[in-house]
Amino acid sequence: MDLGLVTDTASDLSPQVAQEMGVGLVPTYVKMAGGRYKDWKELAPDALYRAIRQGAEPVTEPPSVEDFLEIYERYLQVYDRLLSIHVSGELSKTVERAREAAQRLAPNRVRVLDSRMVSAGLGAMVIRAAEMLKEGREEGEIVAELDRLSRSSLYFSVADLSHLARNGRLPRFGEVVGNLLGLRPLLRIENGHIRFLRVVREGSVPEALAALVAREFGRRAVRITIAHSDASPDWVNGLKAALEREVRLDRGRITRSGATITANVGLGALAVHAYAVE
């Protein structure tokens, strides 16, 4: 076979979904309560959420170069070339480790892409790449589409900005605004960075997220992914219903966030990724 796909667990694609698509999944590591676990593989989202509710404070670290070497060697026995698509290099050293492994092993056979995305956005890009491969599209076409999707929209809200501020991923003013006013912040992934937008009343978060998508895309057909880290079912269903009312849906999916994301945003985060169908 010509081209294979590899990604990491910041995509919030479960091992089962990745296996069904034939995508190699490199896990981020999670340190928690004296243990070290592989995200999604050794620590499922539900177990992670329970541990956090009981007081655990997970910390993540990117895959090692050796982790990438292992999966690249295995997949290059099946595929002529690999397209390795990873979480934003502005937020993680994962893509840096992938590039080092590719350069060491087979620089002419492994192409590493910085998605400039995370979670639902990265997962949507990998799913789109797998879909295009199934259609028989060429590597150049797939890379061009992924470049377009790297500029797509991921909006989200968190219950507590202190996680992002503590990890240096958001200016301290965001923590003050979000926490002292008792409101929920709206944020956006933009060119790989986290951008603080504004705050809204807590109960209006699902509708506010849907409104951001509707304002951006109008009546264009869009594909949607909702991701959450143990957010209220009412919120998840409320966001789904609001999107169905406000935008022209081509396709949609819902996923839970694993440790790679949850360790940095905390419990109760709700996100929506959208891109226009062309």
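These figures come from a predicted structure and were not determined experimentally.
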* Could you give all pairs that pass the salt bridge (Lys or Arg N to Asp or Glu O under 4.0 Å) test and reach residues 259-269, with sequence neighbours left out? -> none

* Asked: Going by atom types only, do Asp39 and Thr9 share a side-chain donor-acceptor pair under 3.5 Å?
  -> yes

* To do: Kindly check if the number of other-residue, nucleotide or ligand heavy atoms within 6.0 Å of CZ (Arg253) is above 12?
  => yes

* **ring pair (Phe, Tyr, Trp, His ring centres under 6.0 Å) involving Tyr72 - partner list, sequence neighbours excluded** => Phe68

* Would you tell me whether Arg188 and Ser153 have side-chain atoms, one donor and one acceptor, within less than 3.5 Å of each other? => yes

* For the pair Leu76 and Leu82, evaluate side-chain contact (heavy atoms from CB on, under 4.5 Å) and give the outcome as yes or no after the intermediate values. => CA-CA 7 Å; Leu76 285 174; Leu82 297 178; 3.7 Å; yes

* Does the cation-pi check pass for Arg36 over Tyr29, that is, NZ or CZ under 6.0 Å from the six-membered ring centre and within 45° of its axis? -> yes

* Structure fact -> Residue pairs meeting salt bridge (Lys or Arg N to Asp or Glu O under 4.0 Å), one or both in residues 3-25, sequence neighbours left out, come to none

* Asked: Checking Ser229 side chain against Ala269 main chain: does a donor-acceptor pair fall under 3.5 Å?
  -> yes

* To do: Not counting sequence neighbours, list each pair that qualifies as a salt bridge (Lys or Arg N to Asp or Glu O under 4.0 Å) and has a residue in residues 148-157.
  => Glu145-Arg148, Asp147-Arg151, Arg148-Glu278

* Structure fact -> Sorted by chain and number, sequence neighbours left out, salt bridge (Lys or Arg N to Asp or Glu O under 4.0 Å) with Lys41 holds for none

* Any salt bridge (Lys or Arg N to Asp or Glu O under 4.0 Å) involving residues 225-240? Give me the pairs, sequence neighbours left out, ordered by first then second residue. => Arg53-Asp230, Lys240-Glu244

